Each structure stands twice: as structure tokens, then as C-alpha cells.
Amino acid sequence: MIRAFFVAGAFAAGLLGGVSALAQSSADLINDHRTPGDVLTYGMGYNQQRYSPLAHINRGNVKRLVPVWTFATGNALGDESQPLLHGGVMYFTTSRSTFAIDAATGKGLWRHDIEYDPDTLRTICCGQVNRGAAILDGKLFRTTLDMHVIALDVKTGKEVWKTQSDDYKLGYSMTVAPLVANGVVIAGVAGAEFGVRGYLEGYDPESGKKLWRLWTVPAPGEPGSDTWPKNDAWKVGGGSTWLTGSYDPELDLVYWGTGNPGPWNPTVRAGDNLYTSSVLAIRPKTGQVAWHYQFTPNDPIDFDGNNEMILADLKQGGQTRRVLMHADRNGFLYVIDRTNGRLLAANAFVDKMTWASGVDLKTGRPILSQTTKDYLAGNEVELWPAVSGGKNWQPAAYNPETGLLYANTLEGGWLVAPAPIEHKPRAIFFGVKVAKRLWSDDRGILKAIDPMTGKAKWRVPRAVPSYSGVLTTAGKLVFSGAMTGEFTAYDAETGAKLWEFQTQSGIIGQPVTWERDGKQYVTVASGIGGVYHIHGGDARLRNVPTGGAVWTFALFD
Ligand code: CA
Ligand code: CA
């Protein structure tokens with residue numbers, strides 16, 4: 001009875017208050033990081049800090065955290081999605097479904113399903129996953145593996161519009177959570193492993209009409225085209241855009257990372273290969289680029305530049321700087337002035353790095369090691385980090401109170417040499433010969449990192465690396481999950497483990513926290529899958545059950 005009343009009540013409130021309870025305005029999105037009663041954006045705010053001002057749950061009482069509901073997603077392919085929450089309703093996506101869930105009880109309200117022609121799934125490199133939705137004015141926006149962006153009515157789950165982005169047969173796919181910025185729905189593509197030419201697109205939230213497309217690899221004659229060989233390399237030049245960008249509404253700039261150049265073999269595409277493995281600062285209304293910074297010119301081994309861009313105001317030499325922080329797969333943590341793209345700091349955050357000895361702050365370019373030079377000359381070398389990077393897609397969190405960045409880092413390398421490669425439609429486009437995959441004993445480490453130095457204040461080593469997102473709170477807590485299923489709370493200042501709960505599968509999801517009627521909740525999806533589960537060959541995960549569920553926790557009282 002209470003459940004039914006709650007759901008009806010939430011919708012009635014929407015009608016009584018105009019459309020305010022159901023319609024999310026652009027102002028709501030701008031304020032998202034300050035309003036703990038809802039979660040409206042990927043990253044829990046346009047700044048993607050994954051920080052909550054909530055402190056009801058804190059270091060003193062987190063041991064009383066208990067589950068209040070679970071919701072089975074029926075998805076055995078990996079639950080990487082970040083939930084959204086509005087008006088007492090949680091929205092959760094998998095690659096095949098979108099769910100609306102009563103946030104108080106965990107009861108399903110509606111679901112929307114997508115069916116795929118099996119042919120569309122041939123060029124999904126790293127897991128049939130989806131990373132979440134975006135929301136604006138009563139509509140929920142999401143992407144599909146077969147290259148569509150769709151809008152659903154938040155009340156009913158009915159499709160409002162569906163727009164094809166491009167042809168999946170070219171190697172494209174979509175797993176990204178869209179970003180709504182300045183009234184435009186922005187979505188990117190995956191596919192640099194199959195020789196696509198990357199792009200980012202903006203859509204009209206009302207109609208689904210395409211407003212702009214920004215190619216990340218220039219055609220001959222366009223700016224940056226002189227950084228490519230004078231042949232057709234640009235046509236399959238990569239630069240995918242598979243992770244969600246962040247947004248500074250005051251500067252009206254979206255910060256979006258681009259993926260590796262194609263093929264992985266760098267010796268066949270001499271030059272910097274702009275605008276791959278870079279961050280682009282983009283005007284959301286038009287898709288115009290205000291500035292760019294390239295993390296890895298002529299990316300040697302699929303470092304990508306897609307990892308999240310976390311925005312914060314940092315004090316440096318008595319000045320407050322509006323920065324962007326980015327822990328790249330290449331092992332460097334970059335701090336960039338987000339008003340103009342100037343590099344302020346770039347330091348290694350991994351324990352072992354052999355590909356570069358540092359980053360020249362004047363030129364912004366990596367200082368290549370002899371190892372990398374030998375590799376570029378065609379030799380087999382031991383490169384650290386390897387393809388999975390110093391950190392993969394799993395988003396870090398930044399706590400403005402501790403000033404620390406909390407990230408699930410990776411410690412892996414490989415013995416690798418360039419190899420001949422020719423582009424074939426819908427075929428893997430690598431061109432490297434891997435002799436051996438290498439890992440440290442602890443393949444992953446949860447690190448609390450000083451952004452300006454890259455040094456860890458504390459570290460929690462993990463034999464099996466974590467591909468879970470991280471969440472931090474004003475309660476001085478850090479939450480993250482493990483692929484063996486544990487969901488854990490740590491002291492944000494010391495890294496001490498304060499609480500842990502064993503979920504039913506492995507966690508590769510993105511925890512969020514929120515508040516309703518004065519009570520704080522923590523939600524995370526558990527459901528193993530994704531790139532490491534598929535390609536990591538880690539026998540320790542053999543007995544982890546597949547099958548996803550969304551878990552919500554609160555203090556027992
Ligand atoms: Ca909010
Ligand atoms: Ca890639």
C-alpha cells in the first residue's frame with residue numbers, strides 16, 4: 001500500500017507543481033552537484049567529481065550500513081551504468097534495457113527493451129555494456145550498441161524519438177552515457193579498434209534532430225591534417241569518443257576525450273595524429289573546438305585519451321585555478337587550466353612506467369624513453385603501462401575537502417612489437433604483436449592521489465584490479481567495488497577499510513549517493529562483465545556469478 005501511494009504521490013506532485021517534479025531544467029543540471037536529493041548527470045555533477053556534500057553517513061556510523069533493496073537487471077553482460085535519480089524514481093540502463101525503479105522500495109515502474117540484430121554486435125570490442133542515461137525536461141536519453149540515440153518519456157518509458165547516428169557496419173558502436181549541455185544532447189562513439197573515423201554529435205533534445213557533428217580526425221586540408229601521412233590513413237584514423245565529457249556552464253565549454261589513432265601500430269601513421277588521444281574543449285551549441293590538448297601524440301599502443309575529465313578549482317601559488325584533472329591510460333595525471341588548455345602539471349600516478357620519463361611542461365609533450373624509441377624502430381620491448389593503461393574507463397572521484405583524487409589504478413605492462421596491418425572492414429585494426437602480458441602482483445591499487453604531484457597519500461592494493469567507479473562524500477568516505485563482488489567504504493583521509501558488503505556478482509558499476517526525506521542512501525550496480533572480465537584471462541574471476549542487480553544501502557536504525 002505504501003509503495004503504491006509513494007509512486008502515485010510522486011507523479012501527482014509533478015502535476016501539482018507544474019511540471020517541476022518531472023521536468024529537469026538546464027538549471028537543475030547545472031546545480032546537480034549541490035542538490036543531494038537527485039542525481040541528474042553522469043559523474044554526479046557537470047564537474048564529474050563524484051563527490052556528495054552529504055555527511056549523514058560518515059566514518060563514525062558507516063559500519064551500520066545495510067541493504068534496503070535490490071533490483072535484478074537480468075543482465076549477464078556487465079552492469080557499468082551509473083544510475084540517475086529524480087522525483088523519487090531511479091533510472092538504470094543496461095545495453096538492452098532501461099528501467100525506472102521506485103527509489104524508496106526498489107520496485108520496477110517501467111522498462112524499455114532494445115533488440116539487436118546479432119550482426120550489429122560483431123564490432124563490440126570490450127563488452128556489451130552501457131554506461132548510463134541523461135535527463136532533461138521529462139525525457140531520458142540513452143545510446144544503443146547499434147548506433148542509435150533514443151529519448152524515452154520518463155513517466156512511461158515510451159520512445160519519444162530515435163535517431164540513427166551512423167552505420168554500425170563501419171565499425172561504430174555506442175556505449176556512452178550522453179551529456180546534456182546548454183540544451184544539446186551530446187553523444188560519442190566507440191570503434192577505434194575497428195578503424196572508424198571518430199566523431200562527436202549534438203542532438204536537439206525535443207526532436208532528436210542532429211545539430212552538429214565534430215570529426216575528431218581531420219580530412220585533408222582541415223586543421224590538424226598535416227599531422228597525418230599524406231594518404232588515406234585519416235579515413236580509418238580512430239579518435240573515438242566513448243566516455244562522457246564534463247561541462248563548465250560558466251565558460252560554456254564541454255571537455256571530451258578522444259581515443260587512440262588507428263591502427264594501434266604507430267609506425268604506419270607517422271605524425272602526431274591530431275585530434276586523437278586528446279581532450280577537446282567544445283562549444284555545446286555548435287560543436288566548435290575552443291582549444292585542444294593532446295595527451296599522447298602518435299599514441300604508441302592504444303592509450304586512448306577518453307578517461308574522465310574532472311573539473312575543480314585548485315589553489316596554486318596563492319591563485320585559484322579552474323582546472324581539469326585527467327588520469328590518462330598512459331599513466332600520467334594531467335592538471336590543465338580549463339579556460340585555455342595550458343598544462344599546469346603532469347606526473348606519473350602509476351608505480352611502473354617505461355614508455356616515457358615525464359612530460360615537458362613547456363611543450364606539453366611526453367619525453368619518450370629509449371624503450372619507446374626502440375619500439376618505434378620496430379623492435380619488441382617491455383612497455384608499461386600496457387593497453388589497459390594506468391587507469392581504464394572506471395571513473396575516479398575528487399573530494400574538495402581532502403583535495404585528493406581517488407582512483408582505481410592498474411599496474412600492468414606487456415612485451416610488444418609493431419606488426420604489419422592492413423585495414424579490412426569490420427576487422428580488428430591493431431597491428432601489434434603481443435609476446436607476453438605482464439602484471440604486478442597487485443594488478444590494481446585504489447590510490448588517494450595528490451593531483452599536482454601524482455603521489456599517493458594512501459593506497460589499497462588489490463590482487464584482482466578494480467574496474468569500479470569511485471564515490472566520495474563530505475562524510476569523509478570513499479566507496480568503491482571489486483570484481484569479486486565486495487562493495488567497500490574507506491576512510492577518505494587514511495584509506496582504512498570501515499565497512500564492506502558482499503554483493504551477488506562482481507562490481508564494475510558506478511556508485512552514487514543521494515538523500516530522500518532526510519535519509520542518505522548509497523546505490524551501486526553489481527554485475528560482472530566488461531573488458532577485463534572478457535580479455536583479462538583472470539582465473540580468480542571464474543567463480544564470480546554473472547547477472548546484474550542494483551543495490552541500495554542506508555543506515556540501519
Ligand atoms: Ca543533484
Ligand atoms: Ca582504444
Side-chain angles (χ1 to χ4, degrees), residues 20-21 24-54 82-91 103 123-127 132 134-136 171-173 175-176 180 188-198 216-217 236-243 247 249 257-266 269 273 276-278 295-296 299-307 328-330 385-389 391-393 428-432 471 473-474 512-516 520-521 523 530-532 534-535:
S20 60
Q24 305 68 45
S25 67
S26 291
D28 294 336
L29 299 182
I30 289 169
N31 288 322
D32 188 29
H33 62 294
R34 288 189 279 260
T35 51
D38 55 28
V39 178
L40 303 176
T41 53
Y42 185 85
M44 289 179 60
Y46 275 145
N47 56 25
Q48 290 197 18
Q49 289 185 0
R50 295 174 190 272
Y51 165 80
S52 171
L54 289 174
Q82 185 207 293
L84 296 181
L85 186 107
H86 182 75
V89 180
M90 184 172 290
Y91 301 97
T123 47
I124 313 292
C125 76
C126 308
I135 193 166
L136 179 74
Y172 293 113
S173 56
T175 54
V176 73
V180 178
V189 295
E193 273 54 65
F194 298 94
V196 302
R197 182 185 178 203
T216 58
V217 174
V236 290
S240 49
T241 47
W242 55 277
L243 285 175
Y247 179 49
T258 64
N260 61 284
W264 286 4
N265 180 345
R269 44 171 172 77
N273 310 139
T276 62
S277 301
S278 300
F295 303 109
T296 318
D299 186 340
I301 56 151
D302 183 31
F303 279 142
D304 274 351
N306 300 90
N307 285 354
D328 198 272
R329 290 239 295 261
N330 73 17
V387 61
S388 42
K391 185 181 87 60
N392 209 279
W393 79 273
I428 281 288
F429 196 39
F430 290 172
V432 295
L471 164 71
T473 72
V512 297
T513 187
W514 47 282
E515 160 187 66
R516 186 164 179 83
Q520 184 182 355
Y521 298 86
T523 298
V531 63
Y532 183 85
I534 295 169
H535 299 299

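Note that the structure is a prediction, hence the values are computed from the model and not measured. For ligands, and for the atoms within them, numbers begin at 1 and follow the listed sequence.
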Output field for angle at the Ca ion (ligand 2), Asp302.OD1 vs Asp304.OD2, rounded to 10°, should show 90°
Examine all N, O or S atoms of Thr35, backbone included, and report whether one is under 3.0 Å from the Ca ion (ligand 1).
-> yes
Tell me yes or no: between the side chains of Gln49 and His33, is some donor less than 3.5 Å from an acceptor? no
State, with a plain yes or no, whether a side-chain heavy atom of Asp328 is found less than 4.5 Å away from one of Thr296. yes
Students often mix this up, so state it plainly: with edges at 30° and 60°, are the rings of Tyr247 and Tyr46 parallel, tilted or perpendicular? perpendicular
Can you find a pair of side-chain heavy atoms, one from Leu40 and one from Ile135, that are under 4.5 Å apart?
-> yes
The O(Asp38)-the Ca ion (ligand 1)-OD1(Asp32) angle, to 10°, is 100°
Tell me, please, if Asp28 has any N/O/S atom, main chain or side chain, under 3.0 Å from the Ca ion (ligand 1)? no
Answer key: the N, O or S atom of Glu193 nearest to the Ca ion (ligand 2) is OE2
All heavy atoms of Gly238 vs all of Ala192, minimum pair found to be CA-CB, 3.9 Å
- request: State whether Asn306 contributes an N/O/S atom found under 3.0 Å from the Ca ion (ligand 2).
  value: no
